[in-house]
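Right, one structure below, let's go through it.
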There are 2 protein chains.
Amino acid sequence: MNFRRAGEAAFVYVSFPNKVLIIQFDFLRAIRNCKKVTEDGSNSPLGWGSGAMSKTQIKNMEEFAVVSGISRPTLSKYFNDPASVRVSTRARIEAALEQHDYRPNIFAVNQNRKLTKNIGIVVPYLADPFFAEIARNLEERCIQAGYRPTLYSSHGEQKLELEIMDSLRGLRPAGVLFAPLGRASDRSEIEKFCKAVPTVLFDSNLDGIGEAFIGSDNFSFVSQTVEYLTRTGEPPSFFEMKTPANPNANKRRIAYIQMMERLGFEPNVIKVEGQGWAFEEIGRQGALKLLGAGNLPTNAILCSNDRLAIGLLSACYQLGIRVGRDKSASLRVASNDDHPFSRFTCPSLTTAAHDYENVSNKSAETLFQLIEGGGHLPERTETLFPARLVLRDSA
Amino acid sequence: MNFRRAGEAAFVYVSFPNKVLIIQFDFLRAIRNCKKVTEDGSNSPLGWGSGAMSKTQIKNMEEFAVVSGISRPTLSKYFNDPASVRVSTRARIEAALEQHDYRPNIFAVNQNRKLTKNIGIVVPYLADPFFAEIARNLEERCIQAGYRPTLYSSHGEQKLELEIMDSLRGLRPAGVLFAPLGRASDRSEIEKFCKAVPTVLFDSNLDGIGEAFIGSDNFSFVSQTVEYLTRTGEPPSFFEMKTPANPNANKRRIAYIQMMERLGFEPNVIKVEGQGWAFEEIGRQGALKLLGAGNLPTNAILCSNDRLAIGLLSACYQLGIRVGRDKSASLRVASNDDHPFSRFTCPSLTTAAHDYENVSNKSAETLFQLIEGGGHLPERTETLFPARLVLRDSA
DNA sequence: TAGAAAAATTATCGCGCGTAAAATTTATAT
DNA sequence: ATATAAATTTTACGCGCGATAATTTTTCTA
C-alpha cells in the first residue's frame, strides 16, 4: 500500500473484509467516479409509520372527530389551545389521542390561521459556536412556549441575510428573533422586514429597528477587562479589526478609550487588516505582523473579541512569545465574549463572559410578549446584560 | 464606580450619555427586574412591505392570473416548473412577476402537492463548527437545486433527535439528510423514520438504515496518520473516549490497531473517561490525569478526533509539556478531522482532513437522485471519501 | 394551407383546517 | 326547580392552490 503526503491527488484504498468499499479518488471528478459496492437493500415498500395502536390511520380532523366523538370545531379549538375546552372534553380528546395518534396537518393549519406558530431565528454566522449555543437556547425556549422555531444562518453574507428575510416572509412567522450581520446588513431592507414581521433584534443592535433589542453591555465588558488589566499590571492596548463586521466592536473600542482616559492612561488602538468572518485567521495574521516586528507598545493586549484572541494566541505561540500572568511571561492577553473555546486556548483565555442565558431568555420572553401584544410593544426597549469577568491564565 | 471579581453578584452600571441604559443585575431575578429606558418607538402601523411597484397587492394566484392575462392552471404549472410552459408564455409570466411580485402561498402549495420541496438537514451537534460547515454546504446545495432546506440539531440528545424526526414527518419532506447521533441514537426509531421518509445518512453510518450512506473512510484517516507518525518517529498511542459517542470512533480504533499490527508495532489504546459531546473538556481532563502521572508509553499520541486533541493540547500546555516535531518537544500529537480550529491550536494540529466538499456534495446529489427516483434507490450504497493528511506543527 | 400536436383555457373538484352563526347541551347560581 | 351563562355541536363557508377533463386556441410540420 502506498501512502502519500497531503496535497497529492490519487489515492486508492481497500477496506475491511465484510463491507468492502473501494474508492478511487480523483479530486477532479471525485463524485461522479467514486465506485460503490452495496449491501442487501432490504427496504420495505413505502408507508408511513404507524403511530399508536390504531387500527385505521386517521387522515384528518373529520375522521378523528368521528372516532373521538368530539365535534371538529371543538377539536380545532383544542389543538389551538388545549385549555380553551372544558376539562372533561379535554380528557376525552387526549384519551382518544392516545388511541389514534392523529396530528393536525401543519400546512392546512398555517394556511388558515391568521397567525402561525412559526418563529424564525436568524444568526449571522452559525459556524461560530457562540451563535450555535445561543441559537440552541432560543430554540428550546420557543419549543417550550409552544412555537415552531426554524434556524437560519446568514453565514456572514448580506445576500443570504436578504434571502432569509425573503423566505421568512413566506412563512408568515408569528415573530422573528434576529441577530443581524451588522455592518454588512442592508439596513433599510431589515427595517422594511421589521415593519412587516414582529421582530426582536439580539446580539447586534440596529438603532430604532425592530420592536426591541436584547444584547450585551459592551461597556461592561471592556470596563471590567481594562480595569482588571490596569489594576494588576500595565494598561492594555486594544486589538481589533480595522473594519469590524459588528457594531459591538465599535462600542468596545469607544469603551476602551473612555476607560483608559478615565483611568489616566493613553489609549492605544491596534487595527489589523482583514475582511469577513474568519476572525481567528485575521487575528493571527495581524498578530504575526505586529509581534513579528517586535515593537509592542505595552505588555498587555485586550482583544475586541475572543476569536481574534484565539488567532493572536496562536501567533504568540508560533513566535515563542510567552503569554500569561506569571513572571516568565512577556505578554498578557485578555479578551471579550467567553467563546466556548476560550478555555482551551494556550494559555486559557481571561475574558469577559456574555450572559448567554439571560440574553437568550430575555430575547425569547420579549418576543412572546410582542406576539401576545399583537405584533407591537408599547415602546422599543433596549436591554443590555453586563459581562462577567472570567479569570484564566492568559492575563 | 466599583468593579468586582468574577462570581460576585450585584453589578450596577450606567452607560453613555445619549442612550442611557441602566441595568440592575441580580442573578436570581435578572430577567424580570432589569429596568429599561426606551427610545422613541417610531413604528409605522403594520403592513406587508410593498414589493415591486404594483398598485394593488396580489393576494392569490387567481388575481395574478387576471393581471397577467394567464390562466391559473398555466400559472400553477409555471410555478411548479418554469420549463413546463411555452417560452413565450413564460416570458409573459415573468414580465408580470416583475410588476406585481406575487408569490404562491407556500402552505397551500405544500398542502396540495403530493411531494413538497422541503428537505430536512439533521446534524448531531451544531455547536461543533465541523457540522455547522457541512450543514451550510448542504443547505446551499439544496437551495441551488430548488429545494427548501431546514436545519436541525440534535445537540447530542436522543430526545431531541426523536423530536426532530417527529417534527420532520409533519413537514412531509421530499427527503432528509441525516447525520445521526450514533451510539445515543434510537436505532429502531430511525429505521422506522427512514422507511417513511426518503433519507440519506451521512457522517455516521447505521448499517442497513436509510437509502444510502455518505461519509469519510475512517481507515484512510488513521492509516495515514499512523503511517506518518511511525515513519517520522516513534509509533503512536491511540487516545480516545472510553465510550465514544460516534461509531466512527470505533472504526478508527480498529484501524489503528490493524495498522499498528501490520507495521509490526504493539498497539496501545488510551481510553479516557467522560460522557456526552464536550469532547474538548473530556480530552483535557483525561490528558491531565494521564500526563500528570508522567508515565507515557510513547512520545507520540494519535487522537481519535480533533476536539479531543484540542483538549489534550490544552492540558499539555498547562503541564509545560512541549508538543511538536522539533527536538525541544517531548511529545508529538496528531489527530483526525481537520476541525476548523485545528489550525489555531498551540502548536497547530497535524491531522487527517475530512473531504467536507465531497461528502456534502455527494450527500446532496444522492438525495436528489433518491427524490427523483420516487423515494427509493435501486440499492443501498455506502460511499466513503478518504482523508487528506494535513501536516502542521504538532507532529 | 390542411392537419396533427402542443399548449392554454374553462370549469370543477378536492385538500385539511379555521371560523362564524345559530341551535343545542351542560354547568352554575339563585 | 328555574334562570342564566358557558360550553359544545351543527351547519356552512372560505382559504389558496393542485389536479383533472373537456374544450378551445396556438404552434409546428408537411
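This is a predicted model, so every value here is computed, not measured. In what follows, chains carry the letters A, B, and so on, assigned in the order in which the sequence lines appear, proteins first and then strands, with residues in each chain numbered from 1.
Listed by first then second residue, pairs satisfying salt bridge (charged side-chain N to carboxylate O under 4.0 Å, His left out) with a partner in residues 135-155 of chain B read B:Arg136-B:Glu139, B:Arg136-B:Glu140, not counting sequence neighbours. Residue pairs meeting the salt bridge (charged side-chain N to carboxylate O under 4.0 Å, His left out) criterion with at least one partner in residues 152-164 of chain B, sequence neighbours excluded, are B:Lys159-B:Glu163. Pairs passing the side-chain hydrogen bond (donor to acceptor under 3.5 Å, both in side chains) check and including a residue from residues 105-114 of chain A, sequence neighbours excluded, read A:Asn80-A:Arg113.
Rounded to an integer number of Å, the gap from CD of B:Glu63 to C1' of D:dC15 is 13 Å. Look at CD on A:Glu62: it is 13 Å from P on D:dT9, rounded to the nearest Å. A:Asn110 has its CG atom 15 Å from the C1' atom of D:dC17, to the nearest Å. Here the P atom of nucleotide C:dG18 and the CG atom of A:Asp81 are 13 Å apart, to the nearest Å. Between the CD1 atom of A:Ile106 and the C1' atom of C:dG18 there is a distance of 13 Å, given to the nearest Å. The distance between atom CG of A:Asn80 and atom C1' of D:dT8, rounded to the nearest whole Å, is 16 Å. Remark: P of C:dT19 and CZ of A:Arg113 are 7 Å apart, rounded to the nearest angstrom. Rounded to whole Å, the distance from CZ on A:Phe79 to P on C:dC17 is 8 Å.
Between B:Tyr102 and B:Phe64, the ring-plane angle classifies as parallel under the 30° and 60° cut-offs.
By the ring pair (Phe, Tyr, Trp, His ring centres under 6.0 Å) test, A:Phe368 pairs with A:Tyr147, sequence neighbours left out. In terms of the ring pair (Phe, Tyr, Trp, His ring centres under 6.0 Å) criterion, residue partners of A:Tyr125 (sequence neighbours excluded) are, by chain and number, A:His155, A:Trp277. Scored by the side-chain contact (heavy atoms from CB on, under 4.5 Å) test, B:Pro82 finds B:Tyr78, B:Arg90 as partners (sequence neighbours excluded). The ring pair (Phe, Tyr, Trp, His ring centres under 6.0 Å) check on A:Tyr152 picks up nothing, with sequence neighbours excluded.
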Contact list (N/O, under 3.5 angstrom) for nucleotides 9-16 of chain C vs protein:
residue, atom, partner, partner atom, Å
C:dT9, OP2, B:Ser71, N, 2.9
C:dT9, OP2, B:Ser71, OG, 2.6
C:dT9, OP2, B:Thr74, OG1, 2.9
C:dG14, N2, B:Asn112, OD1, 3.2
C:dC15, O2, B:Asn112, OD1, 2.4
C:dG16, O4', B:Gln111, NE2, 3.1
C:dG16, N2, A:Asn112, OD1, 3.2
C:dG16, N2, A:Asn112, ND2, 2.6
C:dG16, N3, B:Gln111, NE2, 3.3

Tabulate protein N/O versus nucleotide N/O from nucleotides 27-30 of chain D, keeping only pairs under 3.5 Å, one per line.
none

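Nearest heavy atoms, B:Leu168 versus B:Pro173: O-CD, 3.0 Å.
Remark: A:Ser76 is not in phosphate contact with C:dC17, judged by side-chain N or O atoms under 4.0 Å from OP1 or OP2.
Across all strands, A:Lys77 comes closer than 4.0 Å to no nucleic acid atom at all (heavy-atom distances).
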